[in-house]
Amino acid sequence: MDKLQITGGRPLRGEVEVSGAKNAALPCLCASLLTADAVTLENVPQLNDIGTTLRLLRQLGVKAERASQPGDRVVLEASRVESLEAPYELVKTMRASILVLGPLVARFGEARVSLPGGCAIGQRPIDQHIKGLAAMGAEISIEHGFVVARAKRLKGATIRTDMITVTGTENLLMAAVLADGLTVLENAAREPEIVDLAEMLIKMGARISGHGTDRIVIEGVSRLHGTTHRVMPDRIEAGTFLCAVGAAGGEIVLRNADPASMGATLDKLAEAGLAIECGTDWVQAGMNGRPRAVGFRTLEYPGFATDMQAQLMALNAIAEGTAVITETIFENRYMHVQELRRLGADIEIDGHTAVVKGVAGLSGATVMATDLRASASLVIAGLVADGQTTIDRIYHLDRGYEQMERKLLQLGADIRRVGGSGGQAR
Ligand code: EPZ
């Protein structure tokens with residue numbers, strides 16, 4: 001099993017390329033199921049979750065090939081889908097497999113998707129996905145651990161989800177594009193990744209408006225055609241690097257970034273004392289001396305992203321002052337706290353709130369990654385901790401960060417991967 005070894009204390013200097021967004025690429029890959037034509041996706045990061053999604057699509061009968069050059073291009077063709085079942089073995093490793101549910105029902109009238117099991121950061125049920133499909137006329141049953149959905153043809157409906165759900169909005173959006181009539185998604189998620197998916201669907205012939213607001217209107221069409229779509233840059237990877245330079249000091253430039261989707265993160269990091277400049281597709285950020293503590297609440301977009309919570313907590317661990325953090329999206333997204341404490345952080349948890357008292361320095365230790373963003377938090381802490389930090393179970397990190405250690409090495413960090421396979425699936 002791979003580990004990362006980091007010797008802390010070096011500032012970060014230089015430039016890195018931001019990869020394509022995992023959480024945009026996943027729904028866009030699943031959208032290929034909505035047409036028999038070829039679909040080409042560009043800027044698809046080489047990550048384990050992407051590899052899992054490609055395996056799932058191939059298992060359904062989709063031709064899915066990652067080009068060798070450039071390595072970020074994937075060509076898919078769902079002209080001969082033979083299976084409508086997403087098996088437990090794949091779904092249990094990646095909850096986002098649920099994103100095949102909407103497209104399969106919309107185009108083939110049936111889907112059997114294994115119920116995703118539990119998850120480290122929270123229960124994460126899919127009741128809203130099911131509620132929306134039922135509202136569109138699908139017959140839904142739970143059979144032997146599978147969600148089974150059937151519909152001769154989905155009918156447009158007005159659907160108000162009980163809470164804002166990102167993949168719920170994405171599933172229902174993909175179901176609605178081929179439904180008969182008009183669908184209105186009230187209380188829709190506004191994340192940029194949803195806008196990216198909608199833009200791709202529109203290029204495939206879908207009729208969508210309001211994406212990026214909490215009310216998305218879709219007029220169903222009878223079929224969609226192929227397209228080429230470039231996946232948006234990963235705003236969470238970019239934010240992670242900014243937290244890293246905020247904690248470790250130095251000055252970096254992020255290329256192929258999308259600062260327009262990073263408002264809440266950029267605001268908080270400026271508040272922490274980073275000097276930040278942005279262009280349309282780049283962000284320059286520098287930090288001299290110790291950051292200031294910044295409190296925050298995680299919220300749905302355009303609020304501060306829950307996927308950035310662990311990373312900004314790591315910066316707060318060594319900041320000047322005390323930060324009060326409230327996690328409002330998931331019920332158990334503080335698994336990184338006990339590991340940060342092993343490095344010397346002073347953090348108290350009270351329900352959904354964490355109080356982080358900045359300490360002058362952290363000291364290296366062996367710690368264990370528990371989930372994707374917790375792993376990133378430990379990498380950031382390791383970059384500033386005195387001595388060596390070893391991070392175990394970094395398969396969590398490989399799910400969502402493309403060659404993190406190569407990029408950090410490029411920025412001057414003292415980091416290396418030891419043991420095991422050496423990185424991402426292709
Ligand atoms: C997406 O997960 C992201 N994953 C997550 O990123 C991200 O943390 C999350 O949105 C919130 O921004 C992908 O896009 C692949 P939700 P998702 O449905 O869609 C509850 C990462 O690190 N809920 O918006 O699963 C749910 O339990 C990952 O890249 C229901 O109760 O999140 C949660 O408390 C982690 N019933 C809240 O809503 C439902 O049917 C928001 O969840 C759906 C959701």
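Both counts, for ligands and for their atoms, begin at 1 and track the order of listing. Along the sequence shown, the residues carry numbers beginning at 1.
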Original post:
Can you find an N/O atom of T306 closer than 3.5 Å to an N/O atom of ligand 1?
Top reply: no
Subject >> Backbone of D162 reached by a side-chain donor or acceptor of Q128 within 3.5 Å >> reply: yes
**OP:** Indicate yes or no: does an N/O atom of I329 lie under 3.5 Å from an N/O atom of ligand 1?
**Re:** yes
Original post:
Starting from atom 32 (O) of ligand 1, which protein heavy atom do you reach first, and at what distance in Å?
Top reply: F330 CZ, 4.0 Å
**OP:** Could you list which atoms of ligand 1 come closer than 4.0 Å to a heavy atom of H129?
**Re:** 40 (O)
Subject >> Check: Y334 side chain, A310 main-chain N or O, donor-acceptor pair, under 3.5 Å >> reply: no
**OP:** Compute whether any side-chain donor of one residue and acceptor of the other, for N256 and E17, lie under 3.5 angstrom apart.
**Re:** yes
Original post:
Does R190 make a cation-pi contact with Y301 (under 6.0 Å, within 45 degrees of the axis)?
Top reply: no
Original post:
Can you list the ligand 1 atoms lying under 4.0 Å from a non-hydrogen atom of R373?
Top reply: 21 (C), 22 (O), 29 (O)
Original post:
Name the one of E402, E193, K22 that satisfies side-chain contact (heavy atoms from CB on, under 4.5 Å) with D234?
Top reply: K22
**OP:** With atom 43 (C) of ligand 1 as the reference point, say which of P125, P27, A376 has the nearest heavy atom.
**Re:** P125
Original post:
So, Q59 and R55: side-chain donor and acceptor under 3.5 Å apart, yes or no?
Top reply: no
Original post:
Any N/O of G168 closer than 3.5 Å to an N/O of ligand 1?
Top reply: no
Original post:
What's the shortest distance from atom 5 (C) of ligand 1 to any protein heavy atom, and which residue and atom give it?
Top reply: D307 OD2, 3.8 Å
Subject >> Side-chain (Q309) to main-chain (R333) donor-acceptor, under 3.5 angstrom >> reply: yes
Subject >> Residue pairs fulfilling side-chain hydrogen bond (donor to acceptor under 3.5 Å, both in side chains) with at least one residue in residues 370-384, sequence neighbours excluded >> reply: R373-Y401
Subject >> For atom 36 (N) of ligand 1, closest protein heavy-atom neighbour >> reply: D127 OD1, 2.8 Å
Original post:
Looking at K22, which atoms of ligand 1 are within less than 4.0 Å of one of its heavy atoms?
Top reply: 21 (C), 29 (O)
Subject >> Selected option - heavy-atom contact closest to atom 26 (C) of ligand 1, from R124, Q309, K131 >> reply: R124
**OP:** Measure Q128 to ligand 1 on non-hydrogen atoms and call it side chain, backbone, both or neither using the 4.0 Å cut-off.
**Re:** both
Original post:
Does E191 reach the main-chain N or O of V166 with its side chain, forming a donor-acceptor pair under 3.5 Å?
Top reply: no
Subject >> Minimum heavy-atom distance between A206 and V177, given as atom pair plus value >> reply: CB-CG1, 3.7 Å
Original post:
What protein heavy atom sits nearest atom 38 (O) of ligand 1, and how far away is it?
Top reply: M163 CG, 3.5 Å
Original post:
What protein heavy atom sits nearest atom 24 (O) of ligand 1, and how far away is it?
Top reply: V166 N, 2.8 Å
Original post:
Looking only at atom types and distance, does a side-chain atom of T52 sit under 3.5 Å from a main-chain N or O of M94, one as donor and one as acceptor?
Top reply: no
**OP:** Starting from atom 17 (P) of ligand 1, find the nearest protein heavy-atom neighbour and note its residue, name and distance.
**Re:** T167 OG1, 3.6 Å
**OP:** Number the atoms of ligand 1 from 1 as they appear, then name those within less than 4.0 Å of a heavy atom of R333, with their elements.
**Re:** 8 (O), 22 (O), 35 (C)
Subject >> Within-cut-off N or O pair, E191 and ligand 1, under 3.5 Å >> reply: no
**OP:** Give the single entry among T165, N23, I98 that approaches atom 15 (C) of ligand 1 most closely by any heavy atom.
**Re:** N23
